[in-house]
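Working notes, beginning with the structure itself.
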Amino acid sequence: MGKKRKIFAVLLIAIGLQVLLGVSFGFFTVAALLLLLIGIMRLRSGAMRQGYIFGGIGLGLLLLDHLMIVVGVTLISLGWFYVHANKAHRGQPYRLKQGFITNMRYDREPWMMQSSSSWHAIGDIDCDLSLAMPDESETVLYFQGILGDLDFSIPEDYGVEIEAYLLFGQIGCESNGYPIAERQQGVQNRLQWKSANYATSKQKVKLVISYIAGDLNIRLSS
């Protein structure tokens with residue numbers, strides 16, 4: 001990462017923390033945080049519907065009462081993205097993309113696949129790698145944001161490496177209809193997995209995914 005980008009990332013995180021620390025918490029905020037806590041506890045116990053309802057109401061109340069919290073979280077997330085983008089690509093060249101709302105549909109026609117880092121507050125990502133035209137033998141796709149709904153279809157002849165983290169939500173990964181990792185749902189979901197053919201494959205792809213809340217589905221198929 002360049003010196004200017006490092007300084008910009010640290011500045012974003014510092015401003016975000018300052019915004020959050022400057023927010024006053026009244027009764028309305030405490031009630032919203034309690035609802036969020038109840039939602040998290042219900043998600044951990046497996047009551048997904050109740051968890052999402054309580055958590056959604058709590059988050060909605062926070063958004064209405066403290067817009068600055070949203071601003072602070074967004075700035076911290078964006079600063080974190082700048083810090084980790086270069087690390088994910090191991091110093092190799094990549095395309096940098098940012099947007100508040102992203103709708104990425106690469107599942108209908110051939111598309112050029114290049115190493116990239118993408119940040120967005122809200123993202124809807126659908127990528128079919130069987131339609132991809134890779135620009136390099138090893139492609140790194142790094143996605144980070146606040147809310148995300150991500151679906152990836154990957155041919156089995158690809159070497160695949162996955163590093164995924166969702167604070168809230170669920171992660172599913174399967175091969176030809178069979179799970180290759182236990183489906184995770186609720187709070188603090190993490191998946192680290194590498195296919196057995198990664199080292200020998202002519203075409204490799206690494207997915208690095210990090211969201212505060214999201215739904216991630218990865219399918220490998222022959």
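This chain uses plain numbering: 1 for the first residue, then up along the sequence.
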TODO: State, yes or no, whether a side-chain contact exists between R219 and D151 at a heavy-atom distance under 4.5 Å.
DONE: yes
Task: Polar side chain donor-acceptor pair, E138 to Y198, under 3.5 angstrom - done: yes
- [ ] Using atom types as modelled and distance alone, determine if a side-chain donor or acceptor of S117 lies under 3.5 Å from a backbone N or O of Y142.
- [x] no
TODO: Find out whether T102 and S118 are in side-chain contact, i.e. whether some heavy atom of one side chain is under 4.5 Å from a heavy atom of the other.
DONE: no
- [ ] Answer with yes or no whether the hydrophobic clustering places I171 together with I146; edges join I, L, V, M, F, W, Y residues whose side-chain heavy atoms lie under 4.5 Å apart.
- [x] no
Task: Geometric class of the H120/F143 ring pair [parallel <30°, tilted 30-60°, perpendicular >60°] - done: tilted
Open item on the list: To check you understand the geometry: which heavy-atom pair defines the closest contact between G159 and S201, and what is its length?
Closed with: N-OG, 3.3 Å
Task: Cluster link L191 to Y158, ILVMFWY, side chain under 4.5 Å - done: yes
Task: Distance in Å, L207 CG paired with I218 CD1, rounded so as to fall on 0.5 Å steps - done: 5.5 Å
TODO: Can you measure from CD1 (I209) to CG (L216) and round to the nearest 0.5 angstrom?
DONE: 4.5 Å
- [ ] Would you check if R105 and D124 make a side-chain contact, meaning some heavy-atom pair closer than 4.5 Å?
- [x] yes
- [ ] Compute whether any side-chain donor of one residue and acceptor of the other, for E136 and S115, lie under 3.5 angstrom apart.
- [x] yes
TODO: Check the hydrophobic clustering (I, L, V, M, F, W, Y; side-chain heavy atoms under 4.5 Å; chains of links allowed) and say if I122 and L167 are grouped together.
DONE: yes
Task: Rounded distance [0.5 Å steps], CE in M104 versus CD1 in I125 - done: 4.5 Å
Task: Donor-acceptor contact below 3.5 Å, side chain W119 vs main chain L96 - done: no
Open item on the list: Whether the side chain of D135 engages the backbone of M112 through a donor-acceptor N/O pair (distance < 3.5 Å, no angle test) should be reported.
Closed with: no
- [ ] First locate atom CG of D107, then atom CG of L129, and finally report the distance between them rounded to the nearest 0.5 Å.
- [x] 11.5 Å
Open item on the list: Taking the side chain as everything from C-beta on, heavy atoms only, tell me whether V205 gets closer than 4.5 Å to F152.
Closed with: no
TODO: To the nearest 0.5 angstrom, please state how far the OG1 atom of T139 sits from the CG atom of L141.
DONE: 6.5 Å
Task: Q203 side chain vs S137 backbone, donor-acceptor pair below 3.5 Å - done: yes
TODO: Evaluate the side-chain proximity of W111 to L131: yes if any heavy-atom separation is below 4.5 Å, no if none is.
DONE: yes
TODO: Start with the C-alpha gap between Q188 and Y165, add the side-chain angles, then the distance that decides, and say whether side-chain contact (heavy atoms from CB on, under 4.5 Å) holds.
DONE: CA-CA 7 Å; Q188 291 193 358; Y165 176 77; 3.7 Å; yes
TODO: Check the pair W193, I180 against side-chain contact (heavy atoms from CB on, under 4.5 Å), reporting the backbone distance first and the verdict last.
DONE: CA-CA 9 Å; W193 182 82; I180 58 177; 3.5 Å; yes
- [ ] Report the distance from atom OH of Y211 to atom CG of N189, rounding to the nearest 0.5 Å.
- [x] 15.0 Å
TODO: Treating Ile, Leu, Val, Met, Phe, Trp and Tyr as nodes and any side-chain heavy-atom pair under 4.5 angstrom as an edge, say whether L150 and M113 lie in one connected cluster.
DONE: yes
